[in-house]
Structure formats: structure tokens, C-alpha cells
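Indexing begins at 1, ligand by ligand and atom by atom, following the structure's order.
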Amino acid sequence: MTYLKKNRYPTEDYVAGILSGNRVILSQSITLIESKLIQDNLLAHEIIEHILPKTGKSIRIGITGVPGVGKSSFIEKFGIHIINLGYKLAVLAIDPSSQKSGGSILGDKTRMETLAKNENAFIRPSSTGGTLGGVGNKTREALMLCEAAGFDVIIIETVGVGQSEVIVNQIVDFFLLLMLAGAGDELQGIKKGIMEMADCIAITKADGQNKYASIKAMQEFQNAIQLIKGISDTWQPKVVTCSALEEIGIGDIWQIIKNYVDLHKNNGLWKIKRSQQNVEWMKSNIDNYLQENFYRHPKLKETFNNIEARVRKGEITPLKGAKNLIDLLEEGK
Ligand SMILES: Nc1nc2c(ncn2[C@@H]2O[C@H](COP(=O)(O)OP(=O)(O)OP(=O)(O)O)[C@@H](O)[C@H]2O)c(=O)[nH]1
Ligand SMILES: [Mg+2]
């Protein structure tokens, strides 16, 4: 097979490379996760099996907000702040639009220039081919590799417009939502469901002429979040202002995250959430497996297009179409 000639190493080489913090090997392993070749994915899974005992120690942070809210600029300053405190940071960016637009990969790298050059930071924009569930699994797998490579804090950046936050929320420990002052939340396209997931809301660009409006927005969001989530006896989501430009509020947000981690480790919720996420991970793998096997099945090759066309023309109902295809696979089992 040509695959074997394509410069793949034995599993143990990848494992050793990752565990020793070799960034080139880490990058290559993430490429295996994202590869469309099933053999690459299988190799990636073998690597993950080996490194799993070395995972679990990082703080996993999801950061979301509409395009242009200031995510990359925030991460750049936040990243440098925590690196100066002695942490190693990995940033994985999911961009659901990149499939069409060719990606904001370049843009993100340039907006995180200082961070990208720092030896204690690793930035990896994620390819978003495939289903969102698939993206979730791939991101989680990449996160595990980064953990095994010794990164203490892992940020998953996602654009806050759709479903991807729900998936990210199943991967991270702490969810930070970035918002802008001066635009109603409807305008910002942030759904109530995303607000519900937030452990902290930061009003960005709270600088210059925007300062006063940001403080006002902070108070409004404090009220809104109480209405949406009620009063919690474990964690009341925090609402703060920040500015990447003037470097305001960055340290406060890190302190909030640290407080959250300490509190949840002490009351046991940390462990419970991680175990639930593991179960979700397993289920999501099953879903992907079933889906991929279904659509790739040779038995369906011709029939699928045929039935699809009939559904399109209204000759059979979508339910019947699905049933016919499933029955075809079940036949002779
Ligand atoms: N005044 C001010 N401008 C900012 C701040 N942070 C970011 N910006 C500007 O806002 C614009 C968008 O910032 P990004 O950090 O690229 O935003 P993003 O959310 O990562 O954008 P996407 O990756 O496209 O979704 C840029 O022109 C930044 O210079 C800030 O704290 N203050
Ligand atoms: Mg960005």
C-alpha cells in the first residue's frame, strides 16, 4: 500500500516523541488524527491508547464569541500572561467556516504572533472536515496529545455562532464567553444556550471610548445571566470586562479560572464532569463509527444515489428512503 511509503513511523516513535514534548511529532500526530485516510486514523488511535495514562492533568478552557469579538487577541495576551507565570499553553482553534473560506488559519497565526513564536506555546488551527461530531472527536484527541506532550493549559477557540460550542462544552472544564458592549445579545448572534454554558462572560475591548459602555454591558449581563441560570450554590458565572489592547482584566480572568478549578477539585465536581465527558466521548465515537460505516458501505454505493433521487422527487418519503437503505444493510446479516 502506498500509505506505508508515506513516511509513517512505528507507533512507539510517535508515543516517545509526544511524551518527550517534541512539537514536530506532536504536530504530525495531530495530522494523523485529521487525516482522511482510515489507516492514519487507526494509527492515531493506537497512539492515543498509549498516551492516555499521561493525560488528564491540564486545565481545559473553551473560548467562544462571534467573529471579530477579539478571541485571538485575547488569547495572545492571556497566553503570554500565563506563560510568564510558568505554564505551557496549547491553543486548538476550531473554525466551522474554514471548509468554505479556506480558513482563518493565516489570520489566526498572525493575530497571535508573539504567542506563536513562544517556545512554551503551541498553536494549532483545526481542520473541520466532516461532521461536527467528528470535529469534536478530533479536537478531543488532539487535546489528549497536547496534554501528554506536557501542556498545562489547553484552550479550544471556537466561533460562537452555532453548534460547535455544545461540542466544545463536552470537552472543556471551563467555558469563557467573550461579548461586545453596545450590541444587543440578539445582534451578537449568541444564543441563550451558549450563555447558559458560560462559566465566565468577559466584555471585550473595554478600552478607550468603549470603556463606559463595557461597564454598563457588564452590569446588564450580570442580571441577564442570573435570569437565565438562576442563583447557583456551586458556581455563579462571573461577568467581567477586559481589553487585550490595554491589557486590562487578563490576570483577573486567569484568577477566576484558578478559583473555579480549585473549588471544583475540592467539591468533587471536577472528577464527575470529566467522567461524564468520557462517556460522551465513547458515545460520540460509536456515532461516528456507525455513520462512517453506513455511508461508506459498498452495498449502498448505487442504491443510495437512486433512493436519494427518489426522495428528492417526492416519489418516496424520507422515512421510507431511510428504511429501505437500512434494510438493505441488515439483509443477510
Ligand atoms: N480596541 C480594541 N480592539 C481589539 C481588542 N481586541 C481585539 N481588537 C480588534 O478587533 C479585531 C478582531 O480581533 P480578533 O482578535 O481577530 O477577533 P476574533 O474574535 O479572533 O476574530 P475571528 O477569529 O475572525 O472570529 C481586530 O481588528 C483587533 O485589533 C481590544 O481589546 N481592544
Ligand atoms: Mg480568531
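- Contacts between E157 and ligand 1 below 4.0 angstrom, taking non-hydrogen atoms only, involve the side chain exclusively.
- Among residues at least two apart or in separate chains, ring-ring contact (aromatic ring centres under 6.0 Å, His included) pairs with a member in residues 14-46 are Y9-Y14.
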**Request:** Applying side chain to side chain contact (heavy atoms under 4.5 Å, CB included), run through I63 and F175 and close with a yes or a no.
**Result:** CA-CA 6 Å; I63 295 187; F175 206 81; over 6 Å; no
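- Atoms of ligand 1 found under 4.0 Å from any heavy atom of L245, numbered from 1 in the order shown, are 1 (N), 30 (C), 31 (O), 32 (N).
- Of the options C242, G249, S73, the smallest heavy-atom separation from atom 15 (O) of ligand 1 is shown by S73.
- Taking distance alone, with nitrogen or oxygen atoms compared against 3.5 Å, F74 stays at or beyond that limit from ligand 1.
- Taking CZ from R140 and CZ from R60, the interatomic distance works out to 8.0 Å, rounded to the nearest 0.5 Å.
- In summary, the atoms of ligand 1 found under 4.0 Å from a heavy atom of P67, numbered by their order in the structure, are 25 (O).
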Only pairs under 3.5 Å count here: list side-chain donor-acceptor contacts from residues 200-209, not counting sequence neighbours, and write none if there are none.
from	atom 1	to	atom 2	distance (Å)
T204	OG1	V69	O	2.8
T204	OG1	M179	O	3.2
K205	NZ	G68	O	2.8
D207	OD2	S243	OG	2.6

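- For ligand 1 and D207, the ligand atoms under 4.0 Å from any heavy atom of the residue are 1 (N), 2 (C), 30 (C), 31 (O), 32 (N).
- Side chain of K54 to main chain of G150: no donor-acceptor pair is present (N/O by atom type, distance under 3.5 Å, no hydrogens or angles).
- Using a cut-off of 4.0 Å between Lys/Arg side-chain N and Asp/Glu carboxylate O, K299 and E331 are scored as not salt-bridged.
- Between F151 and F122, the ring planes lie tilted relative to each other; the angle falls in the 30° to 60° range.
- Among the backbone and side-chain atoms of S73, no N/O/S atom is found under 2.8 Å from the Mg ion (ligand 2).
- Residue contact annotation: G65 has no non-hydrogen atom under 4.0 Å from ligand 1.
- Under 4.0 angstrom from ligand 1, the non-hydrogen atoms of V69 come from both its backbone and its side chain.
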